[in-house]
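Okay, structure first, notes after.
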Amino acid sequence: MADATALGRDAGKSPRLLERVRDAIRRRHYSLRTEECYVHWIKRFIYFSERRHPRELGAPEVTAFLNHLAGERNVAASTQNQALSALLFLYREVLETPLPWLDGLERAQRPARLPTVLTSNEVHQLLARMRGTKWVMASLLYGAGLRVSECLQLRVKDVDFGYRQLIVRDGKGSKDRITMLPAPLVEPLKRQIAHVREVHERDLAAGHGMVELPDALARKYPRAPYELGWKFVFPSARLSRDPRSGELGRHHLYENYVTRGVKRAAREAGILKPVSCHTLRHSFATHLLESGYDIRTVQELLGHADVSTTMIYTHVLNKGGRGVTSPLEQNP
């Protein structure tokens with residue numbers, strides 16, 4: 001069947017299917033990462049179904065696709081659920097097709113896994129092998145419990161030195177929250193913001209200086225994209241075009257800048273555990289609980305909607321197997 005039936009134009013002069021998907025996502029103010037993810041899985045589904053239009057497909061094709069991911073591609077349960085969410089969005093919000101059978105599909109259950117946590121000594125060994133901006137970013141992940149995306153998207157106006165706090169805007173679940181600004185990071189962050197100011201002034205002198213703003217704020221406040229307060233604390237070294245607006249400006253650093261730095265530092269420190277940027281956030285929560293802080297306080301600092309999510313970190317406390325004396329330690 002012709003490509004136009006699926007990825008091409010619908011009947012008449014209506015927009016292409018994927019353009020409609022992007023428009024529907026942007027109307028709902030979903031993140032760029034969600035947009036890229038949904039478009040990716042919808043493309044995969046169409047190609048798997050021999051490039052037929054999704055309107056021609058039904059329960060057997062969707063089920064076959066999800067089974068293919070789990071059985072032949074051996075993807076994780078979270079990945080399979082991600083693909084299902086993309087297809088749910090396609091049928092409900094874009095095609096506006098009532099599909100009761102899709103609501104009845106059972107989501108794959110994610111296996112319960114304990115997070116990898118570093119000891120305090122391991123964290124300090126890791127950070128000791130990092131320098132400059134990478135050290136500041138990794139220290140924020142551990143010292144303030146930030147997700148890597150939250151660290152990258154931190155803006156100058158949301159660093160409050162007076163109250164020693166960071167305001168995390170539009171975090172996971174589109175929620176704002178306040179977390180701590182550790183004392184050892186005050187001066188490094190002041191130097192980083194001074195660097196941002198210098199870069200910003202050079203960009204303005206060169207006729208640039210624009211930065212991406214969330215939602216429609218750029219239309220509401222036309223000068224805001226050119227103000228220092230809206231600049232990213234960790235700007236990219238080069239200018240780039242916004243993938244949605246096409247305007248030339250300075251975005252934040254890419255995620256792999258800090259992820260590679262953390263992994264390299266972990267190898268140099270001889271840490272055998274699997275370490276990622278999120279490991280530092282896990283360690284932040286665990287070490288606070290070990291220090292005796294209330295779990296509700298930790299929940300708020302992490303931005304968890306439900307305390308049950310935070311409770312996974314109690315596995316390090318003296319409960320269960322950790323609170324039992326091994327018979328090997330008992331005297332005969």
field: Shared-cluster residues of L32, by chain and number - hydrophobic side chains joined below 4.5 Å
entry: none
task: Please report the C-alpha distance between Q125 and R129 in whole Å, then the side-chain angles of each, then the deciding distance to 0.1 Å, and finally whether the side-chain contact (heavy atoms from CB on, under 4.5 Å) criterion is met.
output: CA-CA 7 Å; Q125 287 294 320; R129 285 161 175 79; 3.0 Å; yes
R26 atom CZ, over 12 foreign heavy atoms within 6.0 Å: yes
task: Indicate the atoms forming the closest heavy-atom contact of S308 with D306, along with that distance.
output: N-OD1, 2.8 Å
Trace of the side-chain contact (heavy atoms from CB on, under 4.5 Å) decision for T179 with Q165: CA-CA 6 Å; T179 187; Q165 64 185 21; over 6 Å; no
task: Please name all residues satisfying side-chain contact (heavy atoms from CB on, under 4.5 Å) with E247, sequence neighbours left out, ordered by chain then number.
output: M210, S245
query: Is N256 close to T259 at the side-chain level, that is, under 4.5 Å between some pair of heavy atoms?
result: yes
message: With a 3.5 Å distance limit and no angle check, can you tell me whether E96 reaches the backbone of E93 through a side-chain donor-acceptor pair?
response: no
- prompt: According to a 4.5 Å side-chain heavy-atom criterion applied to Ile, Leu, Val, Met, Phe, Trp and Tyr, with indirect links allowed, do L95 and F89 form part of one hydrophobic cluster?
  reply: yes
task: Determine, step by step, whether T297 and D294 satisfy the side-chain contact (heavy atoms from CB on, under 4.5 Å) criterion, reporting the C-alpha distance in whole Å, the side-chain angles of both residues, the deciding distance to 0.1 Å, and the verdict.
output: CA-CA 5 Å; T297 300; D294 179 76; 3.8 Å; yes
field: For R155, salt bridge (Lys or Arg N to Asp or Glu O under 4.0 Å) partners two or more places apart
entry: none
query: What pairs with R73 under side-chain contact (heavy atoms from CB on, under 4.5 Å), at least two apart in sequence or on another chain?
result: R44, H68, L69, V75
query: With F284, which residues qualify under ring pair (Phe, Tyr, Trp, His ring centres under 6.0 Å), at least two apart?
result: none
field: Min side-chain heavy-atom separation H195-T133 under 4.5 Å
entry: no
- request: Can you measure from CG (L90) to CZ (R20) and round to the nearest 0.5 angstrom?
  value: 9.0 Å
field: Close side-chain approach of L126 to V275, heavy-atom, < 4.5 Å
entry: yes
query: Under 4.5 Å between any side-chain heavy atoms of L289 and V298, yes or no?
result: yes
message: Restricting to non-hydrogen atoms, name the atom on N67 and the atom on Q80 that form the minimum distance, rounded to 0.1 Å.
response: N-NE2, 4.5 Å
message: Closer than 3.5 angstrom, by distance alone: can the side chain of E201 be matched with the main-chain N or O of E198 as a donor-acceptor pair?
response: no
task: Could you tell me whether the side chain of R52 reaches within less than 4.5 Å of the side chain of I46, counting heavy atoms only?
output: no
message: Using a 3.5 Å distance criterion without hydrogens, assess whether the side chain of D160 forms a donor-acceptor pair with backbone atoms of L166.
response: no
- prompt: Is any side-chain heavy atom of V156 less than 4.5 Å from a side-chain heavy atom of W230?
  reply: no
message: If hydrophobic clusters are built from ILVMFWY residues whose side chains come within less than 4.5 Å, do I312 and V307 share one?
response: yes
- request: Report whether V186 and L154 are members of the same hydrophobic cluster (ILVMFWY, side-chain heavy atoms less than 4.5 Å apart, transitive linking).
  value: yes
task: Taking all non-hydrogen atoms of both residues into account, name the closest pair between A183 and R164 and its distance.
output: N-NH2, 3.5 Å
query: So, the side chain of R250 versus the backbone of S236: is there a donor-acceptor pair under 3.5 Å, distance only?
result: yes
message: Looking at R51, is its backbone amide N or carbonyl O close enough to the side chain of S49 to form a donor-acceptor pair, meaning the two atoms are under 3.5 Å apart?
response: no
task: Tell me, please, which residues at least two apart from K157 pass salt bridge (Lys or Arg N to Asp or Glu O under 4.0 Å).
output: none
- prompt: Does L301 offer a backbone N or O that forms a donor-acceptor pair with the side chain of R177 under 3.5 Å?
  reply: yes
query: Side chains of T34 and S31: is there a donor and an acceptor less than 3.5 Å apart?
result: yes
task: Report yes or no: do Y257 and L239 belong to one cluster of Ile/Leu/Val/Met/Phe/Trp/Tyr joined by side chain heavy-atom distances under 4.5 Å?
output: no
query: Same hydrophobic cluster for V211 and L204, using side-chain heavy-atom links shorter than 4.5 Å among ILVMFWY?
result: no
message: In the structure I gave you, are the side-chain heavy atoms of L152 and H251 within less than 4.5 Å of one another anywhere?
response: no
statement: Taken in chain and number order and not counting sequence neighbours, the residues that satisfy side chain to side chain donor-acceptor pair (under 3.5 Å) with R169 are D158
query: Who pairs with H252 by ring pair (Phe, Tyr, Trp, His ring centres under 6.0 Å), at least two apart in sequence or on another chain?
result: F232
task: Look at the side chain of H200 and the backbone N and O of Y226, then say whether any donor-acceptor pair between them is shorter than 3.5 Å.
output: yes
- request: Working to the nearest 0.5 Å, report the span between CD1 of I193 and CZ of F234.
  value: 8.5 Å
Under 3.5 Å: donor-acceptor pair, side chain of T116, backbone of T279: no
What donor-acceptor contacts under 3.5 angstrom involve side-chain atoms of residues 134-145, with partners at least two apart or in another chain?
| unit_1 | atom_1 | unit_2 | atom_2 | d |
| --- | --- | --- | --- | --- |
| S139 | OG | W135 | O | 2.7 |
| Y142 | OH | H287 | ND1 | 2.8 |

field: Sub-4.5 Å side-chain heavy-atom contact between V168 and I178
entry: no
- prompt: Taking the side chain from E150 and the backbone from R147, do they hold a donor-acceptor pair closer than 3.5 Å?
  reply: yes
task: Take Y38 and L18, measure what side-chain contact (heavy atoms from CB on, under 4.5 Å) needs, and give me the verdict at the end.
output: CA-CA 10 Å; Y38 278 17; L18 295 182; over 6 Å; no
H124 side chain vs S120 backbone, donor-acceptor pair below 3.5 Å: yes
- request: Can you see which heavy atom on E122 is nearest to which on I271, and at what distance?
  value: O-CD1, 3.6 Å
- prompt: Can R33 and E255 be counted as an ion pair, charged N to O under 4.0 angstrom?
  reply: yes
task: Please list, chain by chain and in numerical order, all residues satisfying ring pair (Phe, Tyr, Trp, His ring centres under 6.0 Å) with F65, sequence neighbours excluded.
output: F45, F48
query: With Y254, which residues qualify under ring pair (Phe, Tyr, Trp, His ring centres under 6.0 Å), at least two apart?
result: none
message: Would you say that more than 12 heavy atoms from the other residues, nucleotides or ligands in this model lie under 6.0 Å from the OH of Y293, or not?
response: no
task: Locate the shortest heavy-atom distance separating R22 from V39; write the atom from each residue and the value.
output: NH2-CG1, 3.7 Å
- line: For Y91 and P54, the nearest pair of non-hydrogen atoms, with its separation, is OH-O, 2.8 Å
task: Quick one: list whatever passes side chain to side chain donor-acceptor pair (under 3.5 Å) with K190, sequence neighbours left out.
output: none
- request: Give the intermediate values and the outcome of side chain to side chain donor-acceptor pair (under 3.5 Å) for residues T310 and H304.
  value: CA-CA 7 Å; T310 316; H304 288 162; 2.8 Å; yes
